[in-house]
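Worksheet: one structure, shown below.
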Protein chains: 2
Amino acid sequence: MTENDRLTEEKIFEAATAVFEEKGLDGARMQDIADRAGINKALLHYYFRSKEKLFLAVFDNLAEILFSKFAGIFQQDMPFDEKMKYFFLEHMTFLQQNPKLPIFILTEVSRNPELVDKFLAKIDLNSIKTRMSEDPANTMPPKMLPHLMISIVSLSVMPIAARPIIEKVLETAGYNFDEFYEERKYLAPEFIINAVRQFKSETDNNTTT
Amino acid sequence: MTENDRLTEEKIFEAATAVFEEKGLDGARMQDIADRAGINKALLHYYFRSKEKLFLAVFDNLAEILFSKFAGIFQQDMPFDEKMKYFFLEHMTFLQQNPKLPIFILTEVSRNPELVDKFLAKIDLNSIKTRMSEDPANTMPPKMLPHLMISIVSLSVMPIAARPIIEKVLETAGYNFDEFYEERKYLAPEFIINAVRQFKSETDNNTTT
DNA sequence: GTCTATAGAAGGATAGAC
DNA sequence: GTCTATCCTTCTATAGAC
């Protein structure tokens, strides 16, 4: 029955992931998770002891997924401009398929900052930094790197995190969110590339002056 | 006792604002709000009937504050570059003083999108659009305006919304969040201005070709 | 208007049968 | 391993005294 075990535990885990992602820790109900998994509440506790432990397992997994997505893409070995185009295409498509993920992580982390430590340990930040600083960025002071990286992530994440608001505003102006989002996959990297190129030439000017 | 009424209702409202902002709708407890306001639970219901009604009052007020902040700043009458510098300085300082506000609004709206309608009615989107399109942006297609505006807001909001994560990552690299945040008040507008300037010259090239 | 006391419902967790 | 039944706590909400 080990096969059966695995299946049940997995069904619970998937159901819990969906419910926590949708409702958050406080809004999630063990009953909802049980219903969604097609079993009863008692089994949840048999497999995961408590709501908190179940939540931590789910959070851990989701945080890993979200952050390995950053890391994986940044670590691609290609020129900066290509990397930007590749990142936004991949990352924004990923978020499209996981629209609740950013808000879930941001909210839970905001209300319980200790959660951050758990998943940051898993990520090799240095290798991302190295990869990023290989390209045009090496013309900028190291201090600028965090700004650049956070700008990149901001442009990618916000449209999904604020989707209900953006969608309504766009509708008011006669635009469609899905179209907007597809456009943005291509415009966002241009935006970054332009900003960096401009910055680079400014730095060059300063240096040559 | 009308004076006293106003005071009590206001105390409750302030306490509720703090608790809802911190814990969200599901995590907030009427008991916490009562304690914080220095009264008892029964009085909450005397003034606001139910938790939901109290929440709606609080949400409404906070959404108004957050969005009037956007609108007010964008409506300033000054050249585009100045407007950007002014916006990031004002807005990021405002968020610094209200760090829980963005996550609160984003989370509640994400879990109950109907909330959006309520506060969007209050905002004059057209006047913002007009103000924005007066400047360099009138060299870009109208379709680009939403992208630009959402990019601006993204760069301003994300550092606060993701603060616990960013803070830890920065620390790992030997940087300090507060310093980073102060730098960003000045770097973010440069970033936008550069990206737009570059775009503008590209458009010009295309036009002259 | 403000309080104490309590109703009534819901949710997390466990006992015990199969 | 899975279920039913139930305990116990917590939370919203109200009744009723002052």
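Chain letters run A, B, ... following the sequence lines, proteins first, then strands; residues in each count from 1. Only a predicted model underlies this, so the values are computations on that prediction, with no experimental measurement involved.
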(message) Less than 3.5 Å apart, any donor N or O on the side chain of A:T107 or B:R111 sitting next to an acceptor on the other?
(response) no
(message) Using ring centroids (six-membered ring only for Trp), state whether A:F180 and B:H147 fall under 6.0 Å.
(response) yes
(request) Could you tell me if the ring centre of B:F20 sits under 6.0 Å from that of B:F55? (result) yes
(message) Closer than 4.0 angstrom, basic N to acidic O: yes or no for B:E182 and B:K185?
(response) yes
(message) What residues from residues 15-37 of chain B pass a heavy-atom cutoff of under 4.0 Å to DNA chain D?
(response) B:A28, B:R29, B:M30
Would one find a side-chain N or O of [X] under 4.0 angstrom from OP1 or OP2 of [N]?
X     : N      : value
B:Y46 : C:dT2  : no
B:N40 : C:dC3  : yes
A:H45 : C:dA13 : yes
A:T8  : D:dT2  : yes

Rounded off to whole Å, could you give me the [atom1]-to-[atom2] distance for the [X] and [N] pair?
X     : N     : atom1 : atom2 : value
B:Y47 : C:dC3 : OH    : P     : 10 Å
A:I12 : D:dG1 : CD1   : P     : 11 Å
A:E10 : D:dG1 : CD    : P     : 15 Å
A:L44 : D:dC3 : CG    : C1'   : 13 Å
B:L43 : C:dT4 : CG    : P     : 10 Å
B:L7  : C:dT2 : CG    : P     : 10 Å

(request) Mark yes or no for whether A:R36, through its side chain, and A:A15, through its backbone, hold a donor-acceptor pair below 3.5 Å. (result) no
(message) Can you tell me whether the side chain of A:K41 and the base of C:dG12 have a donor-acceptor pair closer than 3.5 Å?
(response) yes
(message) Angle between ring planes, A:H91 versus A:F87, binned at 30° and 60°: parallel, tilted or perpendicular?
(response) parallel
(message) With a sphere of 6.0 Å drawn around CD of A:E52, does it hold more than 12 non-hydrogen atoms of other residues, nucleotides or ligands?
(response) no
(request) Could you check whether B:I39 gets within reach of a base, just the sugar-phosphate, or nothing at all, counting any heavy atom under 4.0 Å? (result) sugar-phosphate
